[in-house]
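Working notes for the structure below.
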Amino acid sequence: MRTYGLGILASLAIALQACGTGQQVAEPEAEAIELWRGADLSYVNELEDCGAVYRKDGRSRDPYQIFAEAGTNVVRLRLWHSPQWTAYSTLDDVRRSMRRAKESGMQVLLDFHYSDDWADPGDQLIPAAWKDERDLKDLAQRVYQYTYDVLQSLRADGLIPA
């Protein structure tokens with residue numbers, strides 16, 4: 001079922017939730033960075049699990065460290081809701097990647113896909129867990145709650161994205 005642009009809906013849901021409750025939505029604390037130099041490292045865990053080796057100067061190295069030493073200061077990671085076709089870009093996989101990025105001194109940009117698969121503005125499939133949701137207000141609440149729960153879970157592990 002094709003549905004609303006959930007990325008936009010997520011922003012709206014968070015704003016509406018904050019307005020409806022009178023709560024303040026705080027900006028995440030991040031170090032002041034004058035220039036963001038980023039890399040999408042969403043595939044690293046999968047590639048390494050399949051036997052890929054990253055090398056610099058002929059030596060096997062941690063890819064996060066290679067990128068950090070090259071001046072990368074932010075890592076983009078995608079998050080799918082609950083994909084059935086892969087074990088990657090799940091919350092557990094993202095948590096693993098965030099730890100690696102932060103240990104290498106880099107910030108993290110978390111890209112919520114609000115889908116179980118690839119998503120872009122023209123092709124956004126609602127997660128299977130929400131497929132029966134017909135009411136826009138209820139769907140907005142589901143998006144808000146999912147986003148909140150993910151961020152609280154990451155916060156508990158000291159892994160808040162930038």
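Residue numbers start at 1 and run along the sequence shown.
Defined by atom type and a distance below 3.5 Å, a donor-acceptor pair is missing between the side-chain atoms of Gln124 and Asp120. Side-chain N/O atoms of Arg95 and Ser153 include a donor and acceptor closer than 3.5 Å. Asp40 and Ser42 share a side-chain donor-acceptor pair at under 3.5 Å.
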Worked verdict on Arg142 versus Glu133 for side chain to side chain contact (heavy atoms under 4.5 Å, CB included): CA-CA 9 Å; Arg142 300 276 301 262; Glu133 195 62 67; 3.3 Å; yes
Side chain to side chain contact (heavy atoms under 4.5 Å, CB included) assessment of Val108 paired with Val94: CA-CA 10 Å; Val108 174; Val94 163; over 6 Å; no
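No side-chain heavy atom of Thr72 sits less than 4.5 Å from a side-chain heavy atom of Leu41. With a 4.5 Å cut-off on side-chain heavy atoms, Ser89 and His113 do not count as touching. Residues Arg100 and Asn45 are in side-chain contact: their nearest non-hydrogen atoms beyond the backbone lie under 4.5 Å apart. Looking at Trp85 and Asp117, their side chains come closer than 4.5 Å, going by heavy atoms from C-beta outward. A 4.5 Å side-chain heavy-atom check between Leu77 and Asp111 finds every atom pair outside the cut-off. In this structure the side chain of Phe112 never reaches within 4.5 angstrom of the side chain of His81, judged on heavy atoms. Under the 4.5 Å side-chain criterion, counting only non-hydrogen atoms from C-beta, Ser97 is not in contact with Val44.
The number of heavy-atom neighbours closer than 6.0 Å to CD of Gln152, taken from other residues, nucleotides and ligands shown, is above 12. Atom OH of Tyr146 sits in a crowded spot, with more than 12 heavy atoms from other residues, nucleotides or ligands closer than 6.0 Å.
For Arg61 (side chain) and Val53 (main-chain N/O), no donor-acceptor pair under 3.5 Å exists by modelled atom type. A donor-acceptor pair under 3.5 Å is absent between the side-chain atoms of Asp57 and the main chain of Arg59, judged by distance alone. In terms of modelled atom types and a separation under 3.5 Å, the side chain of Ser115 and the main chain of Leu125 share a donor-acceptor contact. For Asp157 (side chain) and Leu159 (main-chain N/O), no donor-acceptor pair under 3.5 Å exists by modelled atom type. Side chain of Thr147 to main chain of Val143: a donor-acceptor pair is present (N/O by atom type, distance under 3.5 Å, no hydrogens or angles). Within the 3.5 Å criterion, the main-chain N or O of Gly71 finds a donor-acceptor partner in the side chain of Arg37. Remark: the backbone N or O of Leu35 is paired with a side-chain donor or acceptor of Asn73 at under 3.5 angstrom. Between the side chain of Lys102 and the backbone N or O of Ile160 there is at least one donor-acceptor pair closer than 3.5 Å.
Atoms NZ and CD, from Lys56 and Gln65 in turn, are 9.5 Å apart once rounded to the nearest 0.5 Å. Within the model, atoms CZ of Arg76 and CE of Met106 stand 15.0 Å from one another, a figure rounded to the nearest 0.5 Å. Tyr43 OH to Glu46 CD: the interatomic distance, rounded to the nearest 0.5 Å, is 6.5 Å. A distance of 13.0 Å separates NZ of Lys137 from CG of Leu139, quoted to the nearest 0.5 Å. Atoms CG and CG, on Leu154 and Leu79 in that order, are 8.0 Å from each other to the nearest 0.5 Å.
By the criterion of side-chain heavy atoms lying less than 4.5 angstrom apart, applied directly or through intervening Ile, Leu, Val, Met, Phe, Trp or Tyr residues, Val75 is grouped together with Leu91 in one hydrophobic cluster. Leu110 is not connected to Tyr88 by any chain of hydrophobic side-chain contacts under 4.5 Å among Ile, Leu, Val, Met, Phe, Trp and Tyr, and they are in different clusters.
Here the two rings, on Trp80 and Tyr114, have centers that are 6.0 Å apart or farther.
A salt bridge does not link Asp116 with Arg78: none of the charged nitrogens is closer than 4.0 Å to a carboxylate oxygen.
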